[in-house]
Novice: 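Below: one structure in structure tokens.
Here is how names work: the chains are called A, B, and so on, in the same order as the sequence lines, proteins then strands, and each is numbered from 1.
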Number of protein chains: 2
Amino acid sequence: MKRTTIVDVGRLAGVSAKTVSRVLNDEPHVSPAVKQRVREAADALDYHPNVFAQALVRRKSNMIGLIYENPSPSYVVELQRGVLERLTGERYKLVVIPIRSVQDHAGEVVGMLRSAALDGVVLAPPASDNPIILNQLKDARILCARIAPTRLIDMAPSNLIDDVAAAREIADYVIGLGHREIAIIRGDPTHASTEARMLGYTQAFYKADIELRLERIEPGLFTFDSGLAAARDIFARGDRPTAILAQNDDMAVGAMMAAREFGLSIPDDVSVVGFDDSEMSRITWPRLTTVRQPVFEMAIAATEMLIAQLEGRDVTARITHPHELLIRESAAPPRSLG
Amino acid sequence: MKRTTIVDVGRLAGVSAKTVSRVLNDEPHVSPAVKQRVREAADALDYHPNVFAQALVRRKSNMIGLIYENPSPSYVVELQRGVLERLTGERYKLVVIPIRSVQDHAGEVVGMLRSAALDGVVLAPPASDNPIILNQLKDARILCARIAPTRLIDMAPSNLIDDVAAAREIADYVIGLGHREIAIIRGDPTHASTEARMLGYTQAFYKADIELRLERIEPGLFTFDSGLAAARDIFARGDRPTAILAQNDDMAVGAMMAAREFGLSIPDDVSVVGFDDSEMSRITWPRLTTVRQPVFEMAIAATEMLIAQLEGRDVTARITHPHELLIRESAAPPRSLG
DNA sequence: AGACAGTGTGATAACGTTGACAGTTTTATG
DNA sequence: CATAAAACTGTCAACGTTATCACACTGTCT
């Protein structure tokens, strides 16, 4: 079973392979009559070009990768939706490349990408923050665009939000409601945004002259389960906080679940706020107060940056996307203030 | 900037290109000494094979596609997780191919796949059920494995659950709780499982001698929003049902949200059950009673079937995966029965 | 000793497409 | 009308790898 090639099409249309190539790639200098004949021949033979032969000779694969290691399914979904959104109508295909642990395998990632022969990659956290990966990509001359890096911002095109300010704002809000006994559930320590958000919280605490007690800071991993476990720890201890700041929505929803297990009502007994505005924050009850990170838009923008580079257009080096405090029903003044 | 090729490696190691190829592909008939030399030369030059040249000559791309058009993010996540799980450690890469509307674009899908030159595809609903796509894949000799088809089961390897039985069981359960006034939120009419689940509900109603009133059947699209809208319609009407059967979890959670808007408590005022056991069913409060469809396992199995075909191994033609009724807290006897 | 199976190695020709260049015709220009 | 410019078309050699075949050598079995 031989594939039909461009030569077959040429034979049927009575022209050279090169001419067929020109027609199929919409190159100029082909007479309308020939164009028509070639098109018909191609249709008749149900011809589809061999992308490998093209990729080989053009040195371009029309495939881009999305690299992530993200414990939050809703985050990953948004990410991918954004990339695919920008890719509709383009000839690029998306190859998804989840990494088990960027921290542990940073050295191997780029080698893998090289064999995959992608035209470029979109880096999501924490790969977008990893200096080893960034440097190796540069050495291997693989183009990239980044989502939510917090370091080395100018090393490659970046899509940011101001994590510190966003975290500070939601902490300000919670403090503004009257809370003083506030617990924090941290994100995955290998993600740089964890520190950034922590810093934002700290600034808000400092401004309000609230002491940040270490035992009120629980480790988490950005997963629902880690939020659930952290909040169980928090509630199991004697001095229950009146509010919980979770560093993403998954953990916040986990914390809400834990509160229910302890018979606590939200927001009356304990306020819970998240971070991201992922889909799940809208489907819980009460709906989660959170701060929106426009992941979908950031993914679109990153993909745009990548495509711009691939096509040799000018590239915006950095976009800081707006965040937004979304006040919903999961946080309220502490009961003592009624 | 020239790429380093197999010839360069050969030159450095003092052997022919073919010998390098043999070493790199672990073919026999190479002396240990040469093997060693070639390996060192390849390392020294940081050589990575060009996958396109390989694909061209081997007629094999080592890429597989995942085709879906699925409105439920959590379903898609599970699907992808399963495929990627089976692919870890394999040399295959995953290309994701979301289709806007399989119904409308069935004729174009396979052409697209052909140009993408994938070795095979995993078909998720509703593409797994589409006869046009299946036939064209067959004609184009693109291998495939299917997830949750309901028709033409023997046309290609399939991973099923018994949708009818599963739907009947959860309806039986709700009826068993004492409900008689039951509304149904249907799924996307272009997905064949919608009819299958409907049939299961119908059987349960018939067995219990409950009339299935048409005005109690609301259309939906498997999305949270469609479930929300459908349930609003249901609650806005005079004769409120005591239970709602939603054909997936997304819509069930939407219905729970609608109930809250109407000040109804779950399960006291109204019971809600879903279908799938997607992640969201565990994070709501009360947790959603549903019937588990092992999407993750089905995706792993489908990928295994595809790989087996690609490697010429024997392929299981059909696996019926177990479903399981998961009784949680979102359904209870109707208030009238206490 | 001769035949024979295997092992190790290289030369050459694909795989299907496009880039570079050259040749031929048509059209525009002075 | 001559001539330059543009439009059209074809030839040939890449692109980087592997398949196929050929050859030389090493044992092993009659």
Novice: How many angstroms lie between SG in A/Cys144 and CG in A/Leu134, if you round to the nearest 0.5 Å?
Specialist: 6.0 Å

Novice: The side chain of A/Ser21 is closest to which nucleotide in this list: C/dT18, D/dT20, D/dT17?
Specialist: C/dT18

Novice: Looking at DNA chain D, which of residues 24-40 of chain A put a heavy atom within less than 4.0 Å of it?
Specialist: A/His29, A/Val30, A/Ser31, A/Val34

Novice: Nearest to the side chain of A/Lys18, which nucleotide is it out of C/dA20, C/dG16, D/dT18?
Specialist: C/dA20

Novice: Whole angstrom is fine here: how far is it from CD in A/Gln54 over to P in C/dT18?
Specialist: 5 Å

Novice: Just the atom pairs and distances: protein N or O near nucleotides 22-26 of chain D's N or O, under 3.5 Å.
Specialist:
none

Novice: Do B/Asn70 side-chain atoms and B/Val76 backbone N/O form a donor-acceptor pair below 3.5 Å?
Specialist: no

Novice: Do A/Leu87 and A/Thr303 touch side chain to side chain, with heavy atoms closer than 4.5 Å?
Specialist: yes

Novice: With sequence neighbours excluded, give me every salt bridge (Lys or Arg N to Asp or Glu O under 4.0 Å) pair touching residues 9-38 of chain B.
Specialist: B/Asp8-B/Arg11, B/Asp26-B/Arg39

Novice: Round to the nearest Å and state the distance from A/Arg11 atom CZ to C/dG16 atom P.
Specialist: 12 Å

Novice: Using the C1' atoms of five pairs at each end, what's the angle between the two axes of the helix from C/dA1-D/dT30 to C/dG30-D/dC1, to 10 degrees?
Specialist: 40°

Novice: Taking atom types as modelled, is there a side-chain donor on B/Arg146 or B/Ser158 under 3.5 Å from an acceptor on the other?
Specialist: yes

Novice: For the backbone of A/Ile147 and the side chain of A/Asn159, can you confirm whether one donor and one acceptor N or O come within less than 3.5 Å of each other?
Specialist: no

Novice: B/Tyr92 and B/Met63: which non-hydrogen atoms are nearest, and at how many Å?
Specialist: CD2-N, 4.3 Å

Novice: Distance check needed: D/dT17 P versus A/Asn50 CG, whole Å only.
Specialist: 16 Å

Novice: Give the rounded distance in Å between these two atoms: NE2 of B/His48 and P of D/dC15.
Specialist: 20 Å

Novice: Could you write out each protein N or O paired with an N or O of nucleotides 21-25 of chain C at a distance under 3.5 Å?
Specialist:
none

Novice: Using a cut-off of less than 4.0 Å, is there contact between a side-chain N or O of A/Arg59 and OP1 or OP2 of D/dG16?
Specialist: yes

Novice: Identify, between B/Gly14 and A/Phe52, the residue whose nearest nucleotide on DNA chain C lies closer to the 5' end.
Specialist: B/Gly14

Novice: So which pairs with a foot in residues 97-114 of chain B pass salt bridge (Lys or Arg N to Asp or Glu O under 4.0 Å), sequence neighbours left out?
Specialist: A/Asp46-B/Arg114, A/Glu85-B/Arg100

Novice: Is there side-chain contact between A/Leu221 and A/Pro71, with heavy atoms separated by less than 4.5 Å?
Specialist: no

Novice: Choosing from C/dT9, C/dA14, D/dT9, which nucleotide comes nearest the side chain of B/Thr19?
Specialist: C/dT9

Novice: Out of D/dT17, C/dC15, C/dA11, which nucleotide sits closest to the side chain of B/Val7?
Specialist: D/dT17

Novice: I want to check one thing: is the phosphate of D/dG10, taken as OP1 and OP2, less than 4.0 Å away from some side-chain N or O of A/Ser16?
Specialist: yes

